[in-house]
Amino acid sequence: MATLAGVFVWDGQRIEEEELQRSAREMQRMQNAAASLHGAALGERPRLDPASERDAAPGPGEQPWELVMDKKHFKLWRRPIEGTHLYQYRVFGTYTDVTPRQFFNVQLDTEYRKKWDSLVIKLDVIERDAATGSEVIHWVTHFPYPMYSRDYVYVRRYRVDQENNLMVLVSRAVEHPGVPEHPDYVRVRTYTSQMVIRPHKTFDENGFDYLLTYSDNPQTVFPRYCVSWMVSSGMPDFLEKLHAAALKAKKMEVEVRDYMGAKAPPEGGEGKGSVPEHQGEGGRSPAQLGYA
């Protein structure tokens with residue numbers, strides 16, 4: 001149980017090591033597929049330029065991915081989630097004009113996102129786990145008109161792996177007693193997101209590849225192809241806004257918290273820390289969806 005007498009219980013809800021490692025393995029699978037396809041020399045960093053369904057590297061026994069978008073800086077695949085009307089999405093992208101550290105920090109800094117993402121209505125850290133550094137986030141976002149705004153309560157955890165030159169960010173929906181449903185929003189209860197960043201050189205030099213695997217159930221009455229269209233049209237806009245925000249951080253136009261330099265959580269034990277809530281304002285765009 002995630003709650004007990006109004007208290008959030010971390011056991012069974014925090015992001016575990018295996019979830020982080022699983023996401024890292026997905027990036028490795030992409031690398032291996034690219035190395036095989038492009039014939040990279042032994043010891044050479046594979047040129048990750050997947051261009052087909054095969055290059056999205058499904059795991060053993062998994063459904064293949066369908067390539068639905070091929071842009072200059074990223075490619076987008078999808079595949080049906082068995083037993084549902086939903087799709088899972090996978091994005092592989094590359095940027096050469098910002099550093100991995102800047103891109104990573106911009107995604108994690110909730111206060112900065114309230115400034116660069118106009119869809120955000122509310123985005124706050126509710127609670128932190130001292131054992132693992134996992135955080136519970138409450139996110140309220142505008143949805144395309146005429147739909148109600150959606151709200152998400154999810155746990156996230158990040159890891160910077162210096163040894164393997166990787167950054168990993170994993171999120172998934174949870175229930176939290178401190179965030180009851182609100183009549184103005186539709187609560188999204190099914191949501192997962194895994195982002196893996198691999199620098200071309202170092203964390204502080206321009207250039208990296210990233211792999212984003214994402215799914216949620218937005219609780220709409222629209223058929224699957226309509227939801228798929230909204231995701232496919234909203235994803236490029238979100239990635240461009242994220243990239244632009246990272247560029248501003250690079251140019252020191254804004255101050256962004258350095259999560260790589262943040263003090264690691266203490267070893268052992270469970271803990272929580274409450275953070276004051278902040279109200280964000282945002283305008284609604286009929287052709288956009290938000291992503292965390």
*Y112 and A245: which non-hydrogen atoms are nearest, and at how many Å?*
OH-O, 2.9 Å
*Before giving the answer on side-chain hydrogen bond (donor to acceptor under 3.5 Å, both in side chains), spell out for N105 and D258 the whole-Å C-alpha distance, their side-chain angles and the decisive distance to 0.1 Å.*
CA-CA 6 Å; N105 286 339; D258 183 11; 3.3 Å; yes
_side chain to side chain donor-acceptor pair (under 3.5 Å) partner of H138, the single match among D151, D124, T110_ = D151
*Go through T94 and D209 one step at a time and tell me if the side-chain hydrogen bond (donor to acceptor under 3.5 Å, both in side chains) criterion holds.*
CA-CA 4 Å; T94 300; D209 302 319; 2.8 Å; yes
*Sole residue of R14, R157, R128 in side chain to side chain donor-acceptor pair (under 3.5 Å) with E135*: R128
*Check the pair V125, I137 against side-chain contact (heavy atoms from CB on, under 4.5 Å), reporting the backbone distance first and the verdict last.*
CA-CA 5 Å; V125 178; I137 308 291; 3.6 Å; yes
*Compare all side-chain heavy atoms of V179 with those of I126 and state whether any distance is below 4.5 angstrom.*
yes
*asked:* For a quick test of reading the model, state the closest non-hydrogen atom pair linking Y95 to L239 and the distance between them.
replied: OH-O, 3.5 Å
*Taking NZ, NE, NH1 and NH2 as the nitrogens, is one of them in E19 or R22 under 4.0 Å from a carboxylate oxygen of the other?*
no
_Side chain proximity check, D117 to K241, heavy atoms < 4.5 angstrom_ = yes
*F103 side, atom CZ; L242 side, atom CG - distance, nearest 0.5 Å*: 4.0 Å
*Look at the side chain of N165 and the backbone N and O of K201, then say whether any donor-acceptor pair between them is shorter than 3.5 Å.*
yes
*So which heavy atom on G207 is nearest to which on P100, and how close?*
O-CG, 3.9 Å
*Are T99 and D204 close enough that a side-chain donor and a side-chain acceptor fall under 3.5 Å?*
no
*Under the side-chain hydrogen bond (donor to acceptor under 3.5 Å, both in side chains) criterion, do H200 and E205 qualify, and how do the steps go?*
CA-CA 8 Å; H200 292 169; E205 294 180 83; over 6 Å; no
*Shortest non-hydrogen contact from A249 to V256?*
CB-CG2, 3.8 Å
*Take the angle between the ring planes of Y154 and Y191 and call it parallel below 30°, perpendicular above 60°, tilted in between.*
perpendicular
*asked:* Can you give me the closest heavy-atom contact between F8 and E175, atom names plus distance?
replied: CE1-O, 3.1 Å
*Just wondering, do W116 and V106 contact through their side chains at under 4.5 Å, heavy atoms?*
yes
*For the residue pair Y210 and F208, does the interplanar ring angle fall in the parallel (under 30°), tilted (30 to 60°) or perpendicular (over 60°) class?*
tilted
*Check step by step if side-chain contact (heavy atoms from CB on, under 4.5 Å) holds for M167 and Y158.*
CA-CA 7 Å; M167 296 163 146; Y158 64 90; over 6 Å; no
_NZ/K250: more than 12 non-hydrogen atoms of other groups inside 6.0 Å_ = yes
*CG/D216 to CZ/R172 distance, rounded to the nearest 0.5 angstrom?*
15.5 Å
*What's the verdict on side-chain contact (heavy atoms from CB on, under 4.5 Å) for Q107 and M195, showing C-alpha distance, side-chain angles and the deciding distance?*
CA-CA 10 Å; Q107 290 181 78; M195 169 75 81; 3.2 Å; yes
_Has R150 got a side-chain atom pairing as donor or acceptor with P218's backbone, closer than 3.5 angstrom?_
yes
*Does some side-chain heavy atom of V120 sit less than 4.5 Å from a side-chain heavy atom of H142?*
no
*Any chance the rings of Y259 and F104 have centres within less than 6.0 Å?*
no
*Among side-chain atoms of Q219 and N217, is any donor-acceptor pair under 3.5 angstrom?*
yes
*Tell me, do Y185 and S149 make a side-chain contact under 4.5 Å, heavy atoms counted?*
yes
*Heavy-atom check, side chain of D184 versus side chain of Y148, under 4.5 Å*: no
*Quick one: are T141 and Y152 in side-chain contact, heavy atoms under 4.5 Å?*
yes
*How far does CD1 of I197 sit from CG of D161, to the nearest 0.5 angstrom?*
13.0 Å
*CZ/R25 to CD/Q21 distance, rounded to the nearest 0.5 angstrom?*
6.5 Å
*Say you draw a straight line from CG of L76 to CG of L67; how long is it, rounded to the nearest 0.5 Å?*
8.0 Å
*Does M30 reach the side chain of R198, with side-chain heavy atoms less than 4.5 Å apart?*
no
*Does any N or O in the side chain of N164 come within less than 3.5 Å of the main-chain N or O of L166, such that one atom is a donor and the other an acceptor?*
no
*Identify whether NZ of Lys or CZ of Arg in R101 sits under 6.0 Å from the centre of the six-membered ring of F203 and within 45° of that ring's axis.*
no
*Do Q88 and R79 meet the criterion of a side-chain donor-acceptor pair at a distance under 3.5 Å?*
yes
*Measure from the side-chain N and O atoms of K75 to the backbone N and O of M69, and report whether any donor-acceptor pair falls under 3.5 Å.*
no
*Hey, does the side chain of R156 reach the backbone of V170 with a donor-acceptor pair shorter than 3.5 angstrom?*
no
*May I ask you to decide if V153's main-chain N or O and R189's side chain share a donor-acceptor pair within less than 3.5 Å?*
no
_Electrostatic pair R257-D109, nearest N-O below 4.0 angstrom_ = no
*Worked check of side-chain contact (heavy atoms from CB on, under 4.5 Å) between Y89 and T213*: CA-CA 6 Å; Y89 298 89; T213 306; over 6 Å; no
*Distance (rounded to the nearest 0.5 Å) between I81 CD1 and L86 CG*: 5.0 Å
*Counting heavy atoms not belonging to E82, are there more than 12 under 6.0 Å from its CD?*
no
